[in-house]
Colleague: 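Below is one structure. I have some questions about it.
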2 protein chains.
Amino acid sequence: MAGSTRSTVGGRGAEIQEDGNRRADLIRAAGHLFREKGYEATTIRDIAHAVGMRSGSPFYHFRSKQEMLKAVMLEGLEQVRRALADAAAHEGSPQDRLRAMVRAHLATILEPGADFVPVLLYEWRALPEDMRAEIIAVKERYEEIWDGMLRELKQAGLLQDDDNVTRLFVLGALNWVVQWYRRGERYSVDEIAARAVQFILPQPAVPR
Amino acid sequence: MAGSTRSTVGGRGAEIQEDGNRRADLIRAAGHLFREKGYEATTIRDIAHAVGMRSGSPFYHFRSKQEMLKAVMLEGLEQVRRALADAAAHEGSPQDRLRAMVRAHLATILEPGADFVPVLLYEWRALPEDMRAEIIAVKERYEEIWDGMLRELKQAGLLQDDDNVTRLFVLGALNWVVQWYRRGERYSVDEIAARAVQFILPQPAVPR
DNA sequence: CCTACCGATCGGTAGG
DNA sequence: CCTACCGATCGGTAGG
């Protein structure tokens, strides 16, 4: 039930509609503003204005402000999930693939324009109970990817535990980066990824 | 500049004012609501009502809603700082003292009624630029405690790095717990603290 | 600390 | 997708 049906607007004439982009435009603008100012502090008028619409028009594309939030979050979740799945499919040692996953995860919250995932992470409260279910369903597919990786690392003797708590510690350390990372300052995303892997894995190569 | 001067209200008569509690009451109620619903979604009326006041009355104690937020955050910061300093002053091995610090930190974000620190962590955006300076000053004194501990752990050969990035990873893992921990479910705060220490320190005791 | 109130803004809708 | 608009709410204030 993601994309609601789009009907011909005017009904008349042969105007080719470059439609569909408008909805995406709104999601992008909403994501950006939600991230910057927070959901509650962002106005429908802000969003409309950001894409050159008038205040009432976003409601042609979305039933409510909450639906816009849901769309932003689903977009973000789908984005990390895909990036993470790609990284997990890399070839190489478990460490290499962990590093690829960490880098992919960090990229989706730190790269310029990467607004969806941070919104997903920090605007839960604003989402009405019934909409959370849809998000949670997708979120589980995302967590499975991590769990697979952790299991592998443990089997390789590189990790002590591979349960939920471990995953939550790992994701906490990674998600928190969004709070302190400033682009162009000191560290690159790659450097932080490398450090994170080092932090997660006890002693990559101890002489024993 | 914390507690603004309290002047006699009526000016007349010998009414002994049990004042001062009211301000604290407001801070507590605001903290709770800010945590639960977020700063923007919380109304001055909500806060007033929570302590049995009418809508205009909180402004007798605070100049603005933002001042209330600042008060909540300062309260939270002072609270963790103190708890952490106490824990750091414990006696015992570095591991023991780390565990005490982790437990103290988690307690101030997870225990019932512990609303201030989560607000501090997640409502930054709502605080106007000029008020942040005051918070940051106190925050640095808090970070120093962690840095001292990390330095010690590194010297004891229990940690690979003791720089800012490491501290931020540690705090990220800990602060994220507030997102997933539900009281009375599966793990106790102490258990999570123990697991966190295990996660932070690579192999507490490997036979080598 | 209450009463009464204001100006501004906000999400959303009707009707085209 | 625009115009015009509504009801509700919100932070804050005056005046006691």
Side-chain angles (χ1 to χ4, degrees), chain A residues 4-13 15-30 33-34 37-72 123 125-128 131, chain B residues 4-13 15-30 33-34 37-72 123 125-128 131:
Chain A
S4 57
T5 52
R6 174 70 21 75
S7 57
T8 311
V9 186
R12 186 171 302 283
E15 59 248 354
I16 294 134
Q17 57 230 70
E18 13 59 22
D19 243 28
N21 313 46
R22 296 309 276 159
R23 192 173 192 273
D25 288 346
L26 282 167
I27 294 179
R28 203 175 314 121
L33 287 161
F34 289 166
K37 319 179 17 169
Y39 173 80
E40 298 287 352
T42 298
T43 283
I44 290 286
R45 285 164 174 80
D46 292 337
I47 300 168
H49 183 257
V51 300
M53 288 180 182
R54 298 311 185 80
S55 76
S57 304
F59 293 103
Y60 171 75
H61 297 276
F62 295 90
R63 242 195 305 270
S64 67
K65 192 183 171 189
Q66 293 175 331
E67 291 280 356
M68 298 192 69
L69 178 60
K70 192 183 84 177
V72 168
E123 297 293 347
R125 255 180 330 208
L127 203 69
M131 291 187 188
Chain B
S4 56
T5 52
R6 173 69 20 73
S7 57
T8 312
V9 185
R12 187 170 304 281
E15 58 249 355
I16 294 135
Q17 57 231 68
E18 14 59 25
D19 241 26
N21 312 47
R22 297 309 274 159
R23 189 171 194 274
D25 288 347
L26 282 168
I27 294 180
R28 203 176 312 121
L33 288 162
F34 289 166
K37 320 177 18 166
Y39 172 81
E40 297 289 352
T42 298
T43 281
I44 290 286
R45 285 162 174 80
D46 293 337
I47 300 169
H49 184 256
V51 300
M53 287 181 184
R54 297 313 184 80
S55 75
S57 302
F59 292 103
Y60 171 74
H61 297 277
F62 295 91
R63 242 193 304 269
S64 68
K65 193 185 172 190
Q66 293 176 332
E67 290 279 358
M68 299 192 68
L69 177 60
K70 192 184 83 176
V72 168
E123 297 292 349
R125 253 179 331 206
L127 203 68
M131 291 187 188

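What you are looking at is a predicted structure, and each value in this text was computed from that prediction instead of being measured. Convention: sequence-line order gives letters A, B, ...; per-chain numbering from 1.
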Colleague: Atom CG of A/D46 to atom P of C/dG12: distance rounded to whole Å?
Modeller: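 Atom-to-atom, A/D46 to C/dG12, this comes out as 14 Å.
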
Colleague: Rounded to the nearest angstrom, tell me the gap between atom CZ in B/F59 and atom P in C/dT3.
Modeller: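 That distance rounds to 16 Å.
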
Colleague: In whole Å, what is the span from the CZ atom of A/R45 to the P atom of C/dG12?
Modeller: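 Taking CZ of A/R45 and P of C/dG12, I get 11 Å after rounding.
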
Colleague: What is the separation between atom NE2 on B/H49 and atom P on C/dC2, rounded to the nearest whole Å?
Modeller: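 Nearest whole value for this atom pair: 12 Å.
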
Colleague: So, for B/P58 and B/S55, which heavy atoms are closest and what is the spacing to 0.1 Å?
Modeller: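 In this case the closest contact between B/P58 and B/S55 is CD-O, 3.4 Å.
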
Colleague: Please give me the minimum heavy-atom distance between B/T42 and B/L33, naming the atom from each residue.
Modeller: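 Scanning both residues completely, I find the closest heavy atoms to be OG1-O, 3.2 Å.
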
Colleague: Would A/E67 and A/R23 pass as an ion pair if we require N to O under 4.0 Å?
Modeller: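 Here A/E67 does not pair with A/R23 in a salt bridge, since their nearest N and O are not under 4.0 Å apart.
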
Colleague: Between B/L26 and A/T42, which has a closest nucleotide on DNA chain C that is more 5'?
Modeller: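 Final value for this comparison: B/L26.
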
Colleague: Calculate the interatomic distance between B/H61 atom NE2 and D/dG12 atom P; express it in whole Å.
Modeller: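 Interatomic distance, NE2 of B/H61 to P of D/dG12: 16 Å.
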
Colleague: Looking at CD1 of A/I44 and OG of A/S57, how far apart are the two atoms once the value is rounded to the nearest 0.5 Å?
Modeller: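 That separation rounds to 11.0 Å.
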
Colleague: Rounded to whole angstroms, how far apart are CG on A/L69 and P on C/dG12?
Modeller: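 After rounding, the reported distance stands at 12 Å.
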
Colleague: Nearest to the B/K65 side chain among D/dC1, C/dC1, D/dG12, which nucleotide is it?
Modeller: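 Side chain of B/K65 sits closest to D/dG12.
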
Colleague: What is the distance from CZ of A/R23 to P of D/dC1, rounded to the nearest Å?
Modeller: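 Those two atoms, CZ and P, are 12 Å apart.
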
Colleague: Applying the side chain to side chain contact (heavy atoms under 4.5 Å, CB included) criterion to A/Y39, which one of A/M68, A/R125, A/Q66 satisfies it?
Modeller: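 Exactly one option meets the side chain to side chain contact (heavy atoms under 4.5 Å, CB included) with A/Y39, and it is A/Q66.
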
Colleague: Minimum heavy-atom separation for B/V72 and B/I27, please, with both atom names.
Modeller: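 Minimum heavy-atom contact is CG2-O, 3.7 Å.
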
Colleague: Stem list for DNA chain C, please, built from Watson-Crick and G-U wobble pairs under 3.5 Å and keeping only runs of at least 3.
Modeller: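 As far as DNA chain C goes, consecutive pairing (with distances under 3.5 Å) yields the stems C:1-16 with D:1-16.
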
Colleague: So A/D46 and A/K37, do their side chains get closer than 4.5 Å, heavy atoms only?
Modeller: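 Answer yes - side chains close enough.
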
Colleague: Have a look at B/T43 and say if it touches a base, only the backbone sugar-phosphate, or nothing, with a 4.0 Å heavy-atom cut-off.
Modeller: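 Here B/T43 touches the backbone only, sparing every base.
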
Colleague: If each of A/S57 and A/A41 is mapped to the nucleotide of DNA chain C with the nearest heavy atom, which maps nearer the 5' terminus, i.e. the 5' end?
Modeller: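 Result of the comparison: A/A41.
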
Colleague: Roughly, in whole Å, what's the span from CZ in A/R54 to P in D/dC1?
Modeller: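 A/R54 atom CZ is separated from D/dC1 atom P by 13 Å.
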
Colleague: Could you work out which one of D/dG12, C/dC1, C/dG12 sits closest to the side chain of A/S55?
Modeller: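 The answer is C/dG12.
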
